Structure formats: structure tokens, C-alpha cells
Amino acid sequence: MRYLNIFLLFIALLLFPSSSFAAKAKEVHVIRVGFDKNAPPLSYTGPKGEALGFNIELIQNIATRQGYRLKLIPLELDDALEMLKEGKLDIIAGLEYTSIRDTFLDFSDSFLTLPKTVVIPSSIKDISSLNDLKGKVVAVQREDTIISQLENIRGSEILESFNQLDAMDMLFLGRADVFIGNRPTAEYILQHAKKQLKYRIRTGLIPPSDYAFAVREGNYKLLKDINTGLTALHHNGTYERLYSQYLEPYGALAIDWWRKLVYILLILTGIIFTILVGIFFWNNRLKKEVNRQTAALADSYAFQSKVLDSVDNGIISFNLEGNVTLINHIARNLLGMKGNPLGTNIFDFLSQLPLQKVLEIKGQRMIHGEICLDDGTDRILQYYIASLQNGMGEIIGGILCLQDRTEQNHLQARLIAQEKMRALGQLIAGIAHEIRNPLTAIKTFTEMLPKKIHDPRFQSELLRHVPEEVERMNRIIEDLLDYSREKSMHLEMKNLNELVQSVTGLLKKQFRNEGIELEIDIPPALTVLIDQNRIKQVLINLILNAIQAMNDSKKKQLYFHGAIDGQTIRLDITDFGIGIKAQDMPHLFQPFYTTKNQGIGLGLYICQKIMQEHGGHIEVKSSAYKGTTVTLLFTNGGDAP
């Protein structure tokens, strides 16, 4: 029986040899296709895991036309590249072409050209080129060709993700400043995340890239079939239909570079034409305006005279010889002139003016001051003198402005006297207030003394509080004496750095107990002409104020900085304490003004007086809860009065 079966099989093979070949010819070859599963609308997976996108449908149509059966494998892009190189894939459906990849892969004809796009938050306005990414964190997909360009930008940080969806999430979460990828995917993600208004898309910063199907190097038959299928899809309209379906909703604003060039040329042509037309009409308008202005010049002198006569100041212009070329009636009245003084020399009636200084200098400059008329009226005139130049910048004379300041000066003198009386009253009120408090306490203990003289507790309180209040009154009197007493100063050149080091050394233990970090930045050779003991008093007062201001601060740092600023030597003392409120700033140097519970209010008052005695002063800059900088300004060379 077994031999009979073998015989029948042999007969069948002889009779029907073509049937096996036909079956073999009809066998369909399976192609393994890998695709980026997170690059919508080019390629992605649907809710049921199905493969979707422009690249997917394109390769499916090619496979159907060329007689292949596809096995679609969703992957990350870097995994797809590795599997293709290892032979575990036959095709990558949509890969950006580069010359480096072309050395180990073969690419089909390009089926898509996509612009690289930069996605930035709408609040950022300073990205106009790749160099503007310096100092920014850039989110990109792994294996993206833009990475090599970003590595050449100094200061930029690259944040790589497995896919463009994850890279965009880095931008949304604030971990990246910008995102770079292909435009359709970026617009797809922004639209589905409903973030179009929060982010802007910039194109044109990076040249567009060609996308093609990639196969293993040397697989020329498969590559030829893909190119043949692509050509056929272009001819029968399938490619155009798929492009409209997937890419037009996200690429309406993406114009090819050549189309942009045409648009730009058209716009430039329109602008040039508009400018030429505008110049033509502007020329005509200028001609009319010149004619109008020429006609108006005949009336300009009369109008000028009316304007000059309408102002409250006396105005006189003169030439290089000092001869008057213009004068208004206010100036004639101030100087008591009669008739027309044009042509007379200005030195004849105002010889004390420094007119020659103005005429000798080059460039525009103004000199001002006051003079007293010697015509028996004792009037005081304030003057302003400026050089007068022609259109070529040459000095052709000068202009003098006069104001009668007699009444203003008398009023100012009365105001100064009133201000002195007001300050004296304020000082007396402050002294009375400060002395009344300890006197009240002493009076209270004195009244209770007959009744509680034998009470031990009363005796203890009396011995503790009364000396304190007496000492408080003594301090007030001592501070007042320090302010009012004219002490002779012993001036000598002192090294500013050594002076600060000696003062901070006295308070080193207090710095350590308070946890204050000390930093001194003063040039070693910087010297000032000072009374060492009095300036030490100023520094100690300011440092103690800074320590108190930093009691509750998280950052406790005291910073000294010294420098020469022109003719001034400055010493900045900066703390990071509670600062000074804006409403307290105008009163810092007023006597008896203090915001401290136990303060007298004479510390800064005396410090400012000591600095003024040295020919300098104190400046304060502060913000509430941000810190304070107190600046001591000394005259360079120590020219104290």
C-alpha cells in the first residue's frame, strides 16, 4: 500500500508540474514595516492600537499596488533605526533624510518636505534665529537631525525625549523653554491640547527636511518597488487625496521656501513702488511747502517780536562783537532803557556779565547767575546766557535771558527764617517729649516713696528703673551736646579697608552670635582724609542698625564695598534686613524720629552731621523687606570745609 501511494504521488508530479509553480508564484511576500507611533498626523496608533496616519496609508497603498503584505510594527524612532540596521525590519515608514543616514541605509524618492518649526510660549519675543536659543532648554526627539546644530550653540541645553509628544509635554510642564520638531505634529498636538493661544510657532529659522521610506542598505529590489509605487500614486491622484486628508488641516500656514521667496519679492516690489510714488507726491508737497514758507518769512519778524514781547522774561540777543541784535520790551523796562538800543554794545549797560566766556567756548553751553543792578534800585536780576549757533554749528553770537528775582529773594530769606524757627520748635518738642518720659517714671517712684519706702519689692524696682531713666536722660543730653558742640577735628589720611576691618573686629563676637556673614570688598590702597574716631562712631552706629534690621531675616549678610567715583570716594554698607518703609525715608535724618521701641532718634542725625563736617554726606536706598544700602560719600582727597 505504501509503494502504491508513492507511485501515485510520482505520477501526479509528472502530470501536473505547473500547479506547484503557480502556487509559488501566487505567494505574497510579507514586509515588516516599522513606524514612529507618536508622530501624528504622519504616523501614530489609534485607540484600538491600529496604525494610522499619512505615512501609513501611503505605504499601504504602495504595498497593495506592488503585491506585498505588510506587518506594521509601532516603535519609537530610535528603536526603529536599530531594528532596521539589525535586519529585524524591512522598511521605516517616513524617515528624515540626512547624508549620515545615507551611509548605512538606502532611501526612496522623497515623498514629503516638511519645515522644522520652533514652538515657544507666547510671552517670549526674542527668538529670531537659532543663536537666540543660547541659554535656553530645548526639547527635541531623540535621533532628530536638529540635535547636531543645537550642540554648536554655546549655552543651550538639549532635553531629549523618546518622541515628539513627550518633548511637547516637557514644554507644557515648563521643563523646557522651546520645542523643535516638524510642523504638522506640533500643530496637531497644540490643537488637541487646546493650547494654540499660549504658544507661538516659528518657521524659517531652520531649513526644511525631506522625508522618505528607508530600507536596509543594498535592498535595491524593495527600494525600486517603493519608488514605482510612489510614482503611480502621484499619477492616479491618491497621493494628493492623502495629503489633503492628513496634512492640509495642519499645514495651511507652511509655505515652501520658494513660495515664500516669491511672496517676499512681490512684497518688496510693492513697497518699492509705494515708496517711489510717495517720494513723487512728497516732492510736490515739499515744493508747495517751500513756497508757503518763503511767503511767510516776510511776516516772521513781526510775529517773532510779538511772541518775545508776550513773555515775562527779558530777552536780548547779541553778535560776536557784543552788539544788540534783538531786545524785547521787558528787557528794556528791566534795564531802564529808552528809545531803540539795537546796535549798542551790551557791555555798556551790563558790564558785569561774563558774555565773553560764552562766545569763546565751542558747542552749546549755558551760563547762569545773579547780578545786582548799580542804578540805585538794588534790584537783583537772574541771568541765563547761551551761545547762538547757525545751521552749520558756528557760533554767531549769544542770547541773554533776564528775570527780576528781587521779590523772590526777599521771600526766600523770610521762608528760610521761618523754616529755622520751625526746625527749632520741632527740636524743642522732641527734647521735651524724650525727657518727659523718664521724668514721669522718676516722679511716679518719688510720689510712692513715703508709703513704700520699706517695701523690698518697691526698693528693688526703684533701684532698677530710676537709674535707667536717669541714664536715658543723660544719653539724650550727651547726644545733643555731640550735635551742638563744635569739636575740632584731627584729620589724617587713613586706609579705608583697615578702618572698616578694625570696626568690624570690635563686633566680631556679635556677628558670630547672630549668624551674620561678613564680606568686605574695598581696594587695599584706598585712603581718605578723616577724623578716625568720629568716622568710627558713624560706622558703629550704621552697623548696629544693620544687625538689628536682620534679626528676623533668612539671609544674614553684611556687605562693604568701597570705590572711587570721579571726585568722590564712596563706601556702601548693604544689609538684607527688613528694609525701610517708603513713608519713613524722608524722615531718616530728622532729630528724634525713630521707629525703634528704645531708640532716641539722634543716631542718623549725628552721623549725617559728622559726614557733613568731613565735606561729605550719607545716601540711603532701601526697599521694605528687601534690604538697605547706606552710602558714605567722601570728597576725594578729603577736602573738608
Side-chain angles (χ1 to χ4, degrees), residues 27-96 105 107-108 110-112 114 141-144 161-169 172 181-195 211-216 219 222-223 225-230 232-234 236-251:
E27 180 181 352
V28 179
H29 188 57
V30 177
I31 302 297
R32 298 164 297 177
V33 180
F35 65 93
D36 191 342
K37 63 181 180 179
N38 290 300
L42 302 177
S43 60
Y44 59 101
T45 55
K48 298 180 181 179
E50 69 275 21
L52 301 172
F54 175 76
N55 297 348
I56 303 301
E57 288 211 30
L58 199 61
I59 193 63
Q60 286 176 336
N61 278 272
I62 293 172
T64 301
R65 188 172 187 84
Q66 300 302 119
Y68 291 114
R69 186 162 61 87
L70 301 181
K71 180 180 180 182
L72 297 170
I73 305 172
L75 297 166
E76 301 291 356
L77 182 59
D78 52 349
D79 294 336
L81 283 169
E82 289 298 322
M83 291 179 66
L84 183 62
K85 287 189 286 186
E86 294 172 1
K88 298 178 182 179
L89 290 178
D90 299 305
I91 301 175
I92 293 180
L95 184 65
E96 188 175 357
L105 301 175
F107 285 85
S108 70
S110 172
F111 64 82
L112 196 60
L114 291 179
Q141 182 182 15
R142 288 185 181 179
E143 299 294 339
D144 197 306
S161 299
F162 287 105
N163 51 68
Q164 296 189 66
L165 289 176
D166 291 344
M168 286 286 279
D169 282 339
F172 295 157
N182 69 68
R183 178 158 188 156
T185 300
E187 291 188 339
Y188 182 98
I189 296 171
L190 288 176
Q191 179 174 322
H192 284 74
K194 298 181 179 180
K195 294 182 180 292
Y211 282 75
F213 296 109
V215 302
R216 293 188 66 196
N219 196 348
L222 179 58
L223 195 65
D225 289 342
I226 292 174
N227 288 334
T228 302
L230 271 175
L233 294 184
H234 276 286
N236 64 18
T238 302
Y239 179 89
E240 185 177 356
R241 176 180 59 80
L242 293 176
Y243 188 93
S244 300
Q245 176 184 348
Y246 284 99
L247 298 181
E248 282 189 353
Y250 307 103

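Remember, predicted model here, so these are calculated numbers, not experimental data. FYI, the numbering just counts along the sequence from 1. Only this structure's heavy atoms are used, side chains among them; waters, hydrogens and symmetry mates stay out.
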Inset, instruction - Could you go through the salt bridge (charged side-chain N to carboxylate O under 4.0 Å, His left out) check for Lys48 and Glu50 one step at a time? - result: CA-CA 6 Å; Lys48 298 180 181 179; Glu50 69 275 21; over 6 Å; no

Legend entry - Test ring pair (Phe, Tyr, Trp, His ring centres under 6.0 Å) applied to Phe162 - qualifying residues, sequence neighbours left out: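 Here no residue qualifies.
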
Inset, instruction - Give me the one residue out of Ile62, Asp225, Val30 that meets side-chain contact (heavy atoms from CB on, under 4.5 Å) with Tyr68. - result: Asp225

Mind checking whether [X] and [Y] have side chains closer than 4.5 Å, heavy atoms only?
X	Y	answer
Leu77	Arg142	no
Tyr239	Leu112	yes
Leu58	Leu242	yes
Glu76	Asn38	yes
Leu42	Leu247	yes

Inset, instruction - Give a yes or no answer on whether the side chain of Thr185 reaches the backbone of Pro40 with a donor-acceptor pair at less than 3.5 Å. - result: yes

Inset, instruction - Examine distances only and state if a side-chain atom of Asp90 and a backbone atom of Arg32 form a donor-acceptor pair shorter than 3.5 Å. - result: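 Looks like yes, one N/O pair under 3.5 Å.
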
Closest non-hydrogen atom pair between [X] and [Y], with its separation:
X	Y	value
Ser110	Ala212	CA-CB, 4.1 Å
Gln164	Ala39	NE2-CB, 4.4 Å
Gly46	Leu52	CA-CD1, 3.8 Å
Gly34	Leu75	CA-CD1, 4.3 Å
Ile189	Met168	CD1-CG, 3.6 Å
Leu89	Val33	CD2-C, 4.3 Å

Nearest 0.5 Å, please: how far is [atom2] in [Y] from [atom1] in [X]?
X	Y	atom1	atom2	answer
Ile92	Leu105	CD1	CG	6.5 Å
His234	Glu240	NE2	CD	10.5 Å
Ile31	Arg69	CD1	CZ	10.5 Å
Ile91	Ile59	CD1	CD1	4.0 Å
Phe213	Leu222	CZ	CG	10.5 Å
Glu143	Asp36	CD	CG	11.5 Å

Inset, instruction - In sequence, state the C-alpha distance, the side-chain angles, and the governing distance for Asn55 and Phe35, and then conclude on side-chain contact (heavy atoms from CB on, under 4.5 Å). - result: CA-CA 8 Å; Asn55 297 348; Phe35 65 93; over 6 Å; no

Inset, instruction - Using the six-membered ring wherever Trp is involved, compare the ring planes of Phe111 and Phe54 and label them parallel, tilted or perpendicular (cut-offs 30° and 60°). - result: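 Ring orientation of Phe111 relative to Phe54: tilted.
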
Legend entry - Exercise: do Asn182 and Glu96 side chains pair donor with acceptor under 3.5 Å: no

Legend entry - Lys71, NZ atom: more than 12 neighbouring heavy atoms under 6.0 Å: no

